[in-house]
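Along the sequence shown, residues are numbered consecutively beginning with 1.
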Amino acid sequence: MFPKLELIPHPRFPDQYQICKRTGVCFYKPAQAREYKDSYFLDEYKNQYQKTYYEDETSLRELARKRLGMLGRFQNPKNSSLFELGSAAGFFLDEAKKKGYRVSGLEISPAEVEYSQKTLGLDVLCASFLEENVLKSSSFDVVAAFFVVEHFPDADFVFEKLTGLVKPGGFLFLGLPSLNGPTFQTNPEEWFRTHPKDHFWDYSPASLKKMLKGYGFTTEYKKPMSYHPSRDRGWRGRILSHRLFARLSDLTCYGDTFHLIAQKQHT
């Protein structure tokens, strides 16, 4: 039996959050479900990053290679299977395939699935992860999801299904926003002002580690994705150079977004 989240009002922000008293994972009360359409990868992505998803392919592939370098510390890609939830156009899967992984993915956008299949020749299924029979009997050496899990209203269901896809000894590789970062920790007004309406859950490295421990996972790696001392309204942003800020951030996983790799233990 997997441990369920036990939610109570957040002690500091009861209007915005409920918090799990066991793990510290937070549910964002104003969150609203939305339909994810092909327009995200064109119009919405461009509004946020000043270029479309496809125009950003070079940097997205560079990020994919960095992520695979992180994963390579723990696993040999040869003859290993890798599945990505929310695989978009398939750039990460394509780079993983070049490394030697046997790759597959799941994506809800029909246009991105078509690009993955026809342009990159990838094994990607167009479906919702919430569908009951999707991937029911599958298992993988690596399961990856980057900025995906926070979008699902039912975290218990998603993590039970997601962790169930990982073979014993395999790895779960996540990337997501962080409560242990300069914006939430030192400027919560800005955090809530810019909080995406379709993010139902917020995690810190510590709360995610506790949550995954309940599913039989040991966290092996956690690190900020980037460093922004200018966002820090506390002492770190005032007195630390960028280099020292980055060093401290690495030690404490202090960043507005982070990567985490956890290994599933043998039972």
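Between Asp141 and Leu82 there is no side-chain heavy-atom pair separated by less than 4.5 Å. You'll find the side chain of Ser87 reaches within 4.5 Å of the side chain of Leu93, heavy atoms only. When side chains are defined from C-beta on, Tyr203 counts as touching Met211, because their heavy atoms get closer than 4.5 Å. Between Lys222 and His259, the closest side-chain pair of non-hydrogen atoms is not below 4.5 Å. Two residues are said to be in side-chain contact when any heavy atoms from C-beta on lie closer than 4.5 Å; Thr257 and Leu176 fail this criterion. Residues Cys26 and Gln18 have side chains not in contact (no heavy-atom distance under 4.5 Å, counting atoms from C-beta outward). In this structure, Phe159 and Tyr215 have side chains that are in contact, with non-hydrogen atoms separated by less than 4.5 Å. A 4.5 Å side-chain heavy-atom check between Phe245 and Arg247 finds every atom pair outside the cut-off.
Between the Asp154 side chain and the Phe157 main chain, a donor and an acceptor come within less than 3.5 Å of each other. Distance alone, capped at 3.5 Å, is enough to place a donor-acceptor pair between the Ser207 side chain and the Ser204 backbone. Counting only distance, with no hydrogens or angles, the side chain of Glu131 and the backbone of Asn133 share no donor-acceptor pair below 3.5 Å. A distance-only check finds no donor-acceptor pair linking the side chain of Lys78 to the backbone of Gly100 [under 3.5 Å]. Between the side chain of Trp201 and the main chain of Val25, no donor-acceptor pair closer than 3.5 Å is present.
Rounding to the nearest 0.5 Å gives a distance of 12.0 Å between CD of Gln75 and CD of Glu220. Summarising the geometry, atom OG1 belonging to Thr23 is positioned 12.5 Å from atom NZ belonging to Lys213; distances are rounded to the nearest 0.5 Å. Atoms CG and SG, on Leu248 and Cys253 in that order, are 11.5 Å from each other to the nearest 0.5 Å. Taking CG of Asn180 as the reference point, atom CG of Asp202 lies at 12.5 Å (rounded to 0.5 Å). One finds the CG atom of Leu122 at 9.5 Å from the OG1 atom of Thr119 (value rounded to the nearest 0.5 Å). Between Leu125 atom CG and Leu106 atom CG the span is 5.5 Å, to the nearest 0.5 Å.
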| What's the verdict on side-chain contact (heavy atoms from CB on, under 4.5 Å) for Val113 and Ser116, showing C-alpha distance, side-chain angles and the deciding distance? | CA-CA 5 Å; Val113 172; Ser116 301; 5.5 Å; no
| said: Quick one, Ser104 with Phe140, criterion side-chain contact (heavy atoms from CB on, under 4.5 Å). Give me CA distance, side-chain angles, the key distance, then yes/no. | reply: CA-CA 10 Å; Ser104 58; Phe140 306 92; 3.5 Å; yes
| Arg61 vs Asp94, salt bridge (Lys or Arg N to Asp or Glu O under 4.0 Å): CA-CA, chis, key distance, verdict | CA-CA 9 Å; Arg61 285 186 177 273; Asp94 197 43; 3.0 Å; yes
| message | Applying side-chain contact (heavy atoms from CB on, under 4.5 Å) to Gln265 and Gln263, what does each step give before you reach the verdict? | response | CA-CA 6 Å; Gln265 301 305 301; Gln263 186 174 29; 4.0 Å; yes
| said: If you apply the rule side chain to side chain donor-acceptor pair (under 3.5 Å), what do you find for Tyr227 with Asp250, and how did you get there? | reply: CA-CA 9 Å; Tyr227 312 100; Asp250 282 344; 2.5 Å; yes
| task | Please test Phe83 against Val142 for side-chain contact (heavy atoms from CB on, under 4.5 Å), starting from the C-alpha separation and ending with a verdict. | result | CA-CA 6 Å; Phe83 167 79; Val142 179; over 6 Å; no
| Should Glu112 and Tyr54 be marked as a side chain to side chain donor-acceptor pair (under 3.5 Å) after you check the CA-CA gap, both sets of side-chain angles, and the distance that decides it? | CA-CA 10 Å; Glu112 308 317 307; Tyr54 294 96; 2.3 Å; yes
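Taking each heavy atom of Ile19 and Pro9 in turn, the nearest pair found is CG2-O, 3.9 Å. Smallest separation of non-hydrogen atoms from Ala33 and Phe200: N-CZ, 3.4 Å. Nearest approach of Ala262 to Leu212, heavy atoms of both residues: CB-CD1, 4.0 Å. Taking all atoms of both residues into account, the shortest heavy-atom contact from Val103 to Ala96 is CG1-CB, 3.8 Å. Scanning all heavy atoms of the two residues, the minimum distance from Pro177 to Phe258 falls at O-CE2, 3.5 Å. Counting all heavy atoms, side chain and backbone alike, Pro205 lies closest to Ser178 at CD-OG, 3.4 Å.
A continuous path of hydrophobic side-chain contacts links Leu244 to Trp235 [ILVMFWY only; heavy atoms under 4.5 Å]. Val149 and Leu5 fall within a single hydrophobic cluster, where Ile, Leu, Val, Met, Phe, Trp and Tyr are joined by side-chain heavy atoms under 4.5 Å apart, directly or via other members. Follow the hydrophobic side-chain contacts under 4.5 Å out from Phe147 and you reach Leu60 in the same cluster. Hydrophobic clustering of Ile, Leu, Val, Met, Phe, Trp and Tyr side chains at less than 4.5 Å, counting indirect connections, unites Tyr101 with Tyr221. At a threshold of 4.5 Å between side-chain heavy atoms, the hydrophobic network of Ile, Leu, Val, Met, Phe, Trp and Tyr places Phe92 and Met225 in one connected group.
In this structure, Asp123 does not pair ionically with Arg102, as no charged nitrogen and carboxylate oxygen lie closer than 4.0 Å. At a threshold of 4.0 Å, the pair Arg231-Asp256 counts as salt-bridged, since one of the basic side-chain nitrogens sits closer than that to a carboxylate oxygen. Between Arg65 and Glu62 there is no salt bridge, since none of the side-chain N atoms of the basic residue sits less than 4.0 Å from a carboxylate O of the acidic one. Between Lys99 and Glu95 there is no salt bridge, since none of the side-chain N atoms of the basic residue sits less than 4.0 Å from a carboxylate O of the acidic one. Using a cutoff of 4.0 Å between basic side-chain nitrogens and carboxylate oxygens, Glu160 and Lys4 are scored as salt-bridged.
Between Phe146 and Phe173, the ring-plane angle classifies as perpendicular under the 30° and 60° cut-offs.
Through direct or indirect side-chain contacts shorter than 4.5 Å among Ile, Leu, Val, Met, Phe, Trp and Tyr, Phe192 is connected to Phe13, Tyr17, Tyr28, Leu179, Phe184, Trp191.
In the displayed structure, Arg22 atom CZ is contacted under 6.0 Å by more than 12 heavy atoms of other residues, nucleotides or ligands. By the neighbour-count criterion of 12 heavy atoms within 6.0 Å, atom NZ of Lys66 is sparsely surrounded, having that number or fewer from other residues, nucleotides or ligands.
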